[in-house]
Protein chains: 2
Amino acid sequence: MEFTEAKAQFLQTWGALGSQWGINKTMAQIHALLMISPESLSMEEVMEELKISRGNASMNLRGLIDWGIVYKEYKPGERREYFVADQDVDSLARKIAIERSKREVKPALRVLEGVKNFDDDSSKEAQKFKKKTQELHDFVEKADTMLEKIINQKENWITKTIMKLMT
Amino acid sequence: MEFTEAKAQFLQTWGALGSQWGINKTMAQIHALLMISPESLSMEEVMEELKISRGNASMNLRGLIDWGIVYKEYKPGERREYFVADQDVDSLARKIAIERSKREVKPALRVLEGVKNFDDDSSKEAQKFKKKTQELHDFVEKADTMLEKIINQKENWITKTIMKLMT
DNA sequence: AATAAGTTTCACTTATTACTGAAACTTTCA
DNA sequence: TGAAAGTTTCAGTAATAAGTGAAACTTATT
């Protein structure tokens, strides 16, 4: 396989993977592009390379900056902004995990908390409902705690975690 | 909050959570409904309760069965099929994790493997590309291994994992 | 302060994914 | 075996999410 082909396939696959994980295709692709690029890129260059519109590029670059995995870079004497991706894969994954917990898990927990304390009418249905929502709440809370523990092992967290789980 | 309201809100939220995690809304809702239901339900009842069409109900029930988190149940003397959800939240989560790894992570790994062994033309771009794809491949592989380790602690895996990570 | 280069926004279009419902098929039992 | 009850499929439709591009806005420079 040639470099150009490999690159295209990589951008393509990473984009698809991204959309399965709640990050939209373009956002994942821009991020992938910046990661493999030896120099920082301007918005123009991103648009050109991925054949996307200005609006799309702008929105998604901003999104990536919000997620904290892409940074702006200013070159001396140049007006134009350049973009760089966080080069550390570990820290990237950590940031994504934190962000998803904040955006999805935490809100779900709040709803489960509210819902499990409904006015119990002591019917069979109500009993079962109470039991299950309680269980789900506890489970989600635990899973979230686990995620936090894993990602808080600052450096090389995956390796460290695997080591711990070896026993 | 009343039972009926709590139930509606729960079904609603669980559906939304599902779609963020790659399980479509209806599928997540059917699953939620079956989980909180004290009796097994027929397809008719599911359709009725969630106000969805026969086709939709059929497709998604089948999907849930494929995921291995819902089972068919036959009542003696009755022709109709009834559906029950796996009641164990731990085993449910484990099954979802296994399935997602199989469907998403493994294929992505295969592509990364192919792509990182492209014909190197020794340009700066190619060098960087090789380095990054290698890093990403190793990372994804490690993460997947970790997931496997976690879920292989058969019983109460979340609790067990947290205990291990406590140190 | 005028202008030109750069950047962002947003109403609209396109693409993707999910859902409907009628028709086809299957099973059971009289 | 045929008719009724039950189940599945799938072509068409609807809902949702993503992307476009021109216009508006910002900033730096003279």
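Letters A, B, ... mirror the listed sequences (proteins, then strands); counts begin at 1. Basis for what follows: all heavy atoms, side chains included, without hydrogens, waters or symmetry-related copies.
For the pair A:Arg80 CZ and D:dT27 P, the interatomic distance rounds to 18 Å; values are reported in whole Å. Rounded to whole angstrom, the span from the CG atom of B:Asn24 across to the P atom of D:dT16 amounts to 13 Å. When the C1' atom of C:dT16 is taken as reference, atom NZ of B:Lys25 falls 16 Å away, rounded to whole Å. What separates CG of A:Leu41 from P of C:dG6 is a distance of 16 Å, to the nearest Å. In this structure, A:Ile23 atom CD1 and D:dA18 atom C1' are separated by 15 Å, rounded to whole Å. Here the P atom of nucleotide D:dG19 and the CE atom of A:Met27 are 10 Å apart, to the nearest Å. In this structure, the OH atom of A:Tyr82 is 14 Å from the C1' atom of C:dT7, given to the nearest Å. Distance CD (B:Glu78) to P (C:dC29): 11 Å, rounded to an integer number of Å.
Donor-acceptor pairing under 3.5 Å is lacking for the side chains of A:Ser37 and B:Lys128. In summary, the side chains of B:Glu113 and B:Asn117 do not present any donor paired with an acceptor at a separation below 3.5 Å, with no hydrogens or angles considered.
Within residues 44-67 of chain A, the residues approaching DNA chain C are A:Arg54, A:Gly55, A:Ser58, A:Met59, A:Arg62, by heavy-atom distance under 4.0 Å.
The only option from B:Asp88, B:Asp86, B:Asp90 that meets the side chain to side chain donor-acceptor pair (under 3.5 Å) definition with B:Lys95 turns out to be B:Asp86. Tested against A:Ser40, the residues A:Lys72, A:Glu45, A:Glu81, A:Glu73 include a single side chain to side chain donor-acceptor pair (under 3.5 Å) partner, A:Glu73.
Both distances falling under 3.5 Å, in either a Watson-Crick or a G-U wobble arrangement, place C:dT9 opposite D:dA22.
Taking only side-chain atoms of B:Thr26, from C-beta outward, the nucleotide of C:dA18, D:dA18, D:dT8 with the closest atom is C:dA18.
A:Lys7 forms no cation-pi arrangement with B:Phe129, by the criterion of a distance under 6.0 Å to the ring centre and an angle within 45° of the ring axis.
Remark: A:Leu165 CG to B:Gln153 CD distance equals 6.0 Å, nearest 0.5 Å.
Not a single donor-acceptor pair, N or O on each side, falls under 3.5 Å between the base of D:dA28 and the side chain of A:Arg79.
Mapped onto DNA chain C by nearest heavy atom, A:Lys72 and B:Gly77 fall at different nucleotides, with A:Lys72 at the one closer to the 5' end.
Within the structure, ring pair (Phe, Tyr, Trp, His ring centres under 6.0 Å) pairs that include any residue of residues 143-167 of chain A do not occur (at least two apart or interchain).
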